[in-house]
Number of protein chains: 2
Amino acid sequence: MLTAFTKACRRYDVNIADEDRGARTGRLRRGVPQQMTKPQLDLGAAQPTRRERVREATLAEIKQIARNHLVEHGTGGVSLRAVAREMGMTAPGLYRYVSGIDALLVLITADMFQELADAVAAADASVPADDTDLRILTSLRAFRSWAVTHRAEFATMFGPHVRLAPETDITPAVEAGRRFGATFYTLFDRLLSEERFPLPDGDRVSPQLARELRAFADTCGFSAPHIPVEAVMVLSSCWVRLYGVVSMEVFEHLNFVMRDMEPLFESELRSILTGLGVRYLPPESSASVTTGTPD
Amino acid sequence: MLTAFTKACRRYDVNIADEDRGARTGRLRRGVPQQMTKPQLDLGAAQPTRRERVREATLAEIKQIARNHLVEHGTGGVSLRAVAREMGMTAPGLYRYVSGIDALLVLITADMFQELADAVAAADASVPADDTDLRILTSLRAFRSWAVTHRAEFATMFGPHVRLAPETDITPAVEAGRRFGATFYTLFDRLLSEERFPLPDGDRVSPQLARELRAFADTCGFSAPHIPVEAVMVLSSCWVRLYGVVSMEVFEHLNFVMRDMEPLFESELRSILTGLGVRYLPPESSASVTTGTPD
DNA sequence: CGGCGTTTGCTAACGGCGTTCACTAAAGCG
DNA sequence: CGCTTTAGTGAACGCCGTTAGCAAACGCCG
């Protein structure tokens, strides 16, 4: 009984519930010195063991292949057995690295948030840093651009959680999503500090909404410590519109009614930015030849 | 060879590709009179055979149980075997009624669109017919209300198609979705004819966008034959915002940052309606005690 | 270098899934 | 009643996630 429990603790140890396992093994398996499992604990992480390195590489390969399957066959097409097969392994072997298919999906979701954040940040960095207007325009376009070129990823990140069991721990993905959001918060903060647009009247914010917006601001850690709730409301509204138009495009809900969704996105973008007092520039001439059918 | 083909034609005949089957069987199985498969074809559909009645009932039961499983266990929890088990049947038996799990999901999705349309229409009919403002307000609130009380359904209807194979024929669901959309189109038409709000300048509509919007209007069959594209743009923008705020709530993307999404919805609703020149009324006093956690 | 605990990956197995095929029993119709 | 059509079953195939037990490889330490 106790043996089985400690064994279970030893198994699903990586990446999910890491400190949890550290605590439990420390209490239950007193005979085994902890340095065994993580050598050179005090010497810093600069010197990973050879074992740790190859382990990290295997985990990366797992995630990479799972990601490929996600892109090629959709969320439902990711299976431990298929990943293992492609790696020349068997499915149970993967359980040394991931605690199950759900955890693997959460892992790659977190990675994808990081990747999206990097893509937006790269676009943001590609324009002059002091041109806030252009930075916002570029960042929002980069968001849509990444979404339409990574449809399967976007669906798992921003769609409903349809595959995961409800009790799955998705905090890694949520954390990554929060870091992604910070990209936009920073830009919005800049815009606020420049006082580019008048905040809406305070009486348009109901007490209930004010409470939720305050919680929003507190949780997300704006750089502005006491950001007015009216500003958070504007940000929320913009995010809702951006999310709506991009999701509708990626989820293909107007497919039978519109061929190319980019004009609608640009229209919404222009409307959003104008409302923020940010100047809008039409996209490059490549706008008419988008990913839509050339016909 | 030919036998196998005709057998395959005879099997997956119902509900999906109905006329297709009629045509094929008519050509391939000349020896069998068509009246056999559909008796009293000329006497009208008012007299369904006993067989047809029980068959319809069985199909309805299948869909009902599948729907229950969808609600209780999410999209991934719907399985032919489980449905059959609950019906006291075996899974292969269901193939007499549905051509596979994907077709079943499409079927119930179409049903759900119909149900949503009915719910919105019922709310719309519950207020004075000549009060366009109140009808719109009530209809949009009914949309959100249905969504948050039917989360699993909403996710399969408005989320990404994550379970279905890409080549699945989803036209039944798309058709039902179109009928649902007509509910809002009609109200919007009313609003337009009342000329309640000024249309935006035509130069805000790019030629590409105008083309897409025109296709949108044509496909959806507005009652106004030559509705201006500017109006379609306004409608699209409103729909994007509504879709965005409701989807974010149902998909729980701000869960870790907001407890109750209704205030944000009401805020967006007010903003949308104000932009349309429609008067906004705050919700009943039950607003603060919504479906959210009581604490 | 050998010894030995840790880590890794395997095989076998269980149960669940979608789907097909061959077949039986029932229902409807002349 | 006899014949055709239909409803439903059981067995089977190949997927899937997951667990348990076991053997080989690894790496550290004496």
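To find a chain, count down the sequence lines: A is the first, B the second, and so on, and within it residues start at 1.
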What's the CG-P distance between L59(A) and dT8(C), to the nearest Å? 11 Å
Tell me, please, which residues at least two apart from F216(A) pass ring-ring contact (aromatic ring centres under 6.0 Å, His included). none
Between D102(B) and T58(A), whichever has its closest DNA chain C nucleotide further toward 5' is T58(A)
Taking OP1 and OP2 of dT18(D), is either one under 4.0 Å from a side-chain nitrogen or oxygen of Y95(A)? yes
When you compare the protein's N or O atoms with those of nucleotides 12-16 of chain D, which come within less than 3.5 Å of each other, and at what distance?
residue, atom, partner, partner atom, Å
dC16(D), OP1, S79(A), OG, 3.0
dC16(D), OP2, R85(A), NH2, 2.3

What donor-acceptor contacts under 3.5 angstrom involve side-chain atoms of residues 70-88 of chain A, with partners at least two apart or in another chain?
residue, atom, partner, partner atom, Å
S79(A), OG, A82(A), N, 3.0
E86(A), OE1, H69(A), NE2, 2.7

Rounded to whole Å, the CG-C1' distance (L94(A) to dA20(D)) equals 17 Å
Measuring to OP1 and OP2 of dC10(C), would you say a side-chain N or O of T90(A) lies under 4.0 angstrom away? yes
Measure from CD on E52(B) to P on dG28(C) and round the result to the nearest Å. 12 Å
Between dG16(C) atom C1' and H73(B) atom NE2, what is the distance in whole Å? 14 Å
How would you label the contact of G88(B) with the nucleic acid (heavy atoms, under 4.0 Å): base, sugar-phosphate, or nothing? sugar-phosphate
Does a nitrogen or oxygen in the side chain of R50(A) sit under 4.0 Å from OP1 or OP2 of dC26(D)? no
What integer distance in Å separates I101(A):CD1 from dC17(C):P? 18 Å
Do any side-chain nitrogens or oxygens of R55(B) fall under 4.0 Å of OP1 or OP2 in dT6(D)? no
With sequence neighbours left out, the residues meeting side-chain contact (heavy atoms from CB on, under 4.5 Å) with T219(A) are R178(A), V257(B)
Side chains of S247(A) and F154(A) in contact at under 4.5 Å (non-hydrogen atoms): yes
Taking only the side-chain heavy atoms of R51(A) (C-beta and beyond), determine which of dA27(C), dT6(C), dG9(C) contains the nearest atom. dT6(C)
Could you check how far CE of M89(B) sits from P of dG10(D), rounded to whole Å? 11 Å
Please list, chain by chain and in numerical order, all residues satisfying ring-ring contact (aromatic ring centres under 6.0 Å, His included) with F113(B), sequence neighbours excluded. F158(B)
What does dT11(C) pair with, Watson-Crick or G-U, if both distances are under 3.5 Å? dA20(D)
Between atom OH in Y97(B) and atom P in dT19(C), what is the gap in whole Å? 18 Å
Would you mind reporting whether Q114(A) and F180(A) have side-chain heavy atoms less than 4.5 Å apart? no
Given that V54(B) and A91(B) both sit by DNA chain C, which one's nearest nucleotide is further toward the 5' end? A91(B)
Restricting to pairs with a member in residues 100-118 of chain B, which pass salt bridge (Lys or Arg N to Asp or Glu O under 4.0 Å), not counting sequence neighbours? K63(B)-D111(B), R67(B)-E115(B)
Whole angstrom value for the distance that separates C1' of dA23(D) from CZ of R96(A): 12 Å
